[in-house]
**Q** 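The following block contains the structure, expressed as C-alpha cells.
The figures here come from the full heavy-atom set of this structure, side chains too, leaving out hydrogens, waters and symmetry mates. Every chain is numbered from 1 and lettered A, B, ... according to where its sequence line falls, protein lines coming before strand lines. Computed from a prediction, not measured in an experiment: that's the story for all the values here.
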There are 2 protein chains.
Amino acid sequence: MNSNRPTLEDVAKAAGVSRATASRVINGVLTVDPAMQSKVEAAVRTTGYVPNTAARSLVTRKAGAIALVISGSDGSAEQVLGDPFFGRITSGVVKSLLPQKVHPTLVLADSDAARADAVAYVRQGKADGALLVSTHSDDTLPGLFVDAGIPAVLFARPGRDVPISYVDLAHERGAALAADHLVARGCRRVATIAGPSDVPAAQDRLTGFRHAMARHGQAYVPVAKGNFTRESGEQAMLELLAAHPDLDGVFAANDLMATGALKILQSHHRSIPADVAVVGFDDSEPAHSTRPQLTTVAQPVEEMAAEMARILLTHIEDPTLPPTSVIFDPHLVPRESA
Amino acid sequence: MNSNRPTLEDVAKAAGVSRATASRVINGVLTVDPAMQSKVEAAVRTTGYVPNTAARSLVTRKAGAIALVISGSDGSAEQVLGDPFFGRITSGVVKSLLPQKVHPTLVLADSDAARADAVAYVRQGKADGALLVSTHSDDTLPGLFVDAGIPAVLFARPGRDVPISYVDLAHERGAALAADHLVARGCRRVATIAGPSDVPAAQDRLTGFRHAMARHGQAYVPVAKGNFTRESGEQAMLELLAAHPDLDGVFAANDLMATGALKILQSHHRSIPADVAVVGFDDSEPAHSTRPQLTTVAQPVEEMAAEMARILLTHIEDPTLPPTSVIFDPHLVPRESA
DNA sequence: TTGAAAGCGCTAACAT
DNA sequence: ATGTTAGCGCTTTCAA
C-alpha cells in the first residue's frame with residue numbers, strides 16, 4: 001500500500017550525497033563531515049524517513065529484538081500470564097530494555113509443538129535471543145535453546161543441569177528470614193506448607209526453612225505439601241491442624257497458600273497472629289487483601305527481570321561469554337499476620 | 001557467527017531444483033509437481049532449513065508480527081503491567097494469535113517520546129499493525145496510529161473521537177446488574193465509589209448505576225470518587241460513611257476499590273453483607289482474596305482481547321475496511337459480599 | 001510446471 | 001571523508 005515510503009536512496013538524493021553517507025549519518029558513524037551530516041539530518045526530517053528494519057536485519061544479521069518465552073506444561077502458560085508475578089517480570093524486562101529501544105515479543109511455549117516453534121521463532125531471525133520464564137524443573141525448553149546455540153537467560157535456576165545463564169532468588173535465605181521472624185516473635189511449634197517438589201524454588205524454601213528452624217533448636221518441622229494454589233493451602237492447613245492442633249506458627253511457600261491457611265485458621269477460631277503467626281512468600285497482591293494483612297518474604301522481581309534482560313544483551317553481543325548467574329536477596333515485609 | 005545457516009539456495013541445490021521452485025513448495029503454492037515437492041520437503045528436513053524472516057519481509061513488505069502497545073500517562077504503563085487485568089488481555093491476545101503463529105511484541109507508550117517510538121516501531125516494518133491498550137480518554141495514541149495509517153484496534157472505546165476499531169464492554173449494563181442485585185437483596189440506601197472521570201469506562205459505570213437505581217426508585221445516589229486503587233477505595237468509603245452512616249449497599253467501580261471499601265466497613269463494625277452489601281467490578285484476583293469474597297461484575301476479558309486481535313488481522317489483510325466495534329456483555333458473579 | 005533474473009532497502013568492504 | 005559496489009536471502013514477474 002505504502003509503496004511511497006521514503007528509502008535511504010530518497011534521503012541521499014534529497015541531501016545530495018551518496019547512500020553510503022546517508023547510512024553513516026543515520027547510524028551515527030562519526031567520520032562524517034558536519035556539513036553533510038546536517039544536510040542528511042534535514043533530508044531525513046523533510047522526507048519523513050524511517051529505516052526499514054527488514055533490510056537492515058538482512059545485512060546485519062541481527063533482529064534488534066528479543067523473545068520473552070513463557071514455558072510451562074500443557075496449557076499452563078495461560079495461567080502464568082494471569083499471574084501478577086509475570087506482570088512484574090514483564091515490567092522489569094520492558095523497563096530495562098527501553099533505553100536500547102528493543103521490545104520483547106511474547107512467545108508461549110506450553111506444549112512440545114509450541115516449544116519447537118519458540119526455537120524456530122528465534123532461528124528465523126525474529127529475535128537475537130530469548131528470555132525464558134519457566135518453572136517446572138523437567139522443562140525441556142532451556143535445553144532446546146542451548147542446543148540451538150541461541151543466547152538465552154532463565155528466570156530461576158534450571159531444573160535440569162543445563163549450561164545456561166540465569167537469575168534467581170536466594171530462596172533458602174528467604175525461608176530463613178521467615179523462620180527467624182517466627183522464632184523472634186516467640187513461636188515454638190512451627191510448621192510449614194511447602195510447594196510442589198518439581199519446582200526447585202519450592203524445594204529451596206523448604207530446606208532453607210528447615211535448616212533455619214534447626215539452628216533455632218526446633219529439630220523437626222511438620223510439613224504439608226501444596227501446589228501453590230489457595231485451595232491447596234487450605235487443604236494443607238487442615239492437615240497440619242489435625243496433626244498438630246497446638247502449632248503456633250506457619251510458613252507457607254507462597255502467599256496464595258498462606259491466604260488459604262489464614263482462612264482455615266480463622267474458621268478454626270485461631271486468632272492471627274496471637275494464637276498462630278503466619279508468614280507467606282512473594283509479597284504478591286493477595287498479601288494485601290487478607291485481614292490481617294500477610295507478613296511475607298519479598299523478592300525484587302523487577303530488578304531480577306531487568307538483570308536477566310541485561311545479561312541477555314551482553315550474551316547477544318558476545319555469544320562466547322560463559323553462562324552467568326546472579327542471585328538476589330529477599331527481604332521480609334512485616335505486616336499483621338506475624 | 002552462524003554464517004552456515006542453510007539458505008533457500010542450499011535447499012534448492014540439495015533438492016536439485018531452482019530456488020524459485022523451492023520457494024514455491026515452502027510457501028505452499030499448489031502448482032508444483034508432487035515429485036519435486038517431496039524432494040524439496042526432504043531437502044528442507046535434511047538441511048534443517050528455516051526461512052529468514054528479514055529477507056522475506058523485505059520483499060513481501062509484511063512483518064507477520066503485531067505490536068501490543070500499552071499506553072498511559074507518564075510512567076503509568078508499568079502499573080498497567082502489574083495489573084492482572086492486563087495479563088488476561090495478553091492471554092486472550094496470545095491465544096487468538098497462536099494458530100496464525102504471530103506473536104505480539106510488547107511496546108510501552110507512557111510518554112510522548114515513547115508514543116512516537118511506538119508509531120515508529122510499526123513504521124519501521126517491525127509490525128503490520130497494533131493492538132492498543134489505553135485507558136485515559138485524552139490519550140493521543142489512537143490518533144497517532146490513525147494518522148499514520150497503521151491498522152490498529154483499541155481495547156475500550158477511544159476517549160477522543162477517532163475513527164478506529166475497538167472492542168469494549170457494555171459498562172452501563174454491568175453497573176445495572178450490580179444495582180439490580182443490590183436492590184433485589186433489599187438494599188434501599190445505596191452509594192457508589194466511582195472511578196476517575198477521565199476514564200470513559202468509569203463514567204459509563206457511574207451513569208449506568210445511577211440510571212438503574214433511578215429505575216428502582218432511588219433518585220439520588222451518593223458518589224465518592226476514587227482512582228481505582230485500594231487506598232482510594234478506602235478513602236472514598238470513609239467519606240461515604242461519614243456523610244451517610246446508614247447506607248446499606250455500595251457499588252465500587254472496580255474490585256480493588258471494593259476491597260478498600262470492605263476493609264473500612266469492617267473496621268467500622270459493619271457486617272458484610274448483613275449491614276452493608278458490597279459489589280465490585282472486574283472479577284479480578286482480589287475479589288477472591290477478601291473475606292467475605294466479593295460479589296462482582298465480570299467481563300469476558302480474554303474473549304474481548306481475542307476478538308480485538310481477530311479484528312486487527314482482518315484489517316491488516318484489508319486496510320480499506322471501515323472501523324469496527326464489538327461490544328461484550330458483562331455478567332454478575334454472586335459471591336459472599338452481596 | 002519450472003527456471004532465470006530482477007530487485008526489496010540496507011550496510012560494509014573497498015577504493016578513492 | 002566520501003562514493004561505488006557487492007551482496008544479505010527471499011519472492012515474484014517473466015519466459016520458456
**Q** Is any side-chain heavy atom of P104(B) less than 4.5 Å from a side-chain heavy atom of V94(B)?
**A**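 Heavy-atom side-chain distance check passes, below 4.5 Å.
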**Q** Can you tell me how far OG1 of T314(B) sits from CG of L321(B), rounded to the nearest 0.5 angstrom?
**A** 5.5 Å
**Q** Between dG7(D) atom P and E9(B) atom CD, what is the distance in whole Å?
**A**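 E9(B) atom CD is separated from dG7(D) atom P by 13 Å.
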**Q** Identify the heavy atoms of A54(A) and L58(B) that sit nearest to each other, and give their distance.
**A** CB-N, 3.8 Å
**Q** Taking only side-chain nitrogens and oxygens of S18(A), does any of them come within less than 4.0 Å of OP1 or OP2 of dG3(D)?
**A**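 Checking dG3(D) against S18(A), a side-chain N or O does come within under 4.0 Å of OP1 or OP2.
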**Q** Applying side-chain contact (heavy atoms from CB on, under 4.5 Å) to V326(B) and Y166(B), what does each step give before you reach the verdict?
**A** CA-CA 7 Å; V326(B) 180; Y166(B) 63 88; over 6 Å; no
**Q** Atom CG of L58(B) to atom P of dG9(D): distance rounded to whole Å?
**A**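 Going from L58(B) (CG) to dG9(D) (P), I get 12 Å.
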**Q** Going by number, which of residues 29-41 of chain A have a non-hydrogen atom under 4.0 Å from DNA chain D?
**A**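 The stretch gives T31(A), V32(A), D33(A), M36(A) as the residues lying under 4.0 Å from the strand, ordered by number.
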**Q** Might you point out which heavy atoms bring A306(B) and S96(B) nearest each other, and give the distance in Å?
**A** O-OG, 3.2 Å
**Q** Quick one, Y49(A) and R5(A) - any side-chain contact, counting heavy atoms below 4.5 Å?
**A** no
**Q** Verify the neighbour count for atom CG of D318(A): are there more than 12 heavy atoms of other residues, nucleotides or ligands below 6.0 Å?
**A**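 Yes, CG of D318(A) has more than 12 neighbouring heavy atoms, counting only those of other groups under 6.0 Å.
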**Q** Can you tell me the distance, in whole Å, between the CZ atom of R61(B) and the P atom of dG7(C)?
**A** 14 Å
**Q** Go along nucleotides 11-16 of chain D 5' to 3' and tag each nucleotide: B for a protein heavy atom under 4.0 Å from its base, S when only backbone or sugar atoms are that close, - otherwise.
**A** BBB---
**Q** Rounded to whole angstroms, how far apart are NZ on K13(B) and C1' on dG9(D)?
**A** 13 Å
**Q** Quick test of your reading: applying side-chain hydrogen bond (donor to acceptor under 3.5 Å, both in side chains), list the pairs with at least one residue in residues 150-160 of chain A, sequence neighbours left out, ordered by first then second residue.
**A**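 Counting only pairs at least two positions apart or across chains, the side-chain hydrogen bond (donor to acceptor under 3.5 Å, both in side chains) contacts touching residues 150-160 of chain A are R157(A)-D204(A).
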**Q** Between N52(B) (CG) and dG9(D) (P), how many Å, whole number?
**A**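 To the nearest whole Å, that distance equals 7 Å.
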**Q** Does anything in residues 8-37 of chain B form a side-chain hydrogen bond (donor to acceptor under 3.5 Å, both in side chains)? List the pairs, not counting sequence neighbours.
**A**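 The answer is E9(B)-R19(B), S18(B)-T21(B), S23(B)-N27(B).
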**Q** With each end axis built from five pairs of C1' atoms, what bend angle do you get for the helix from dT1(C)-dA16(D) to dT16(C)-dA1(D)? Round to 10°.
**A** 30°
**Q** Do I150(A) and L144(A) touch side chain to side chain, with heavy atoms closer than 4.5 Å?
**A**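 A side-chain contact under 4.5 Å is absent here.
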**Q** Using the test side-chain contact (heavy atoms from CB on, under 4.5 Å), find all partners of S165(B) that sit at least two apart in sequence or belong to another chain.
**A** V153(B), I311(B), H315(B), P323(B), T324(B)
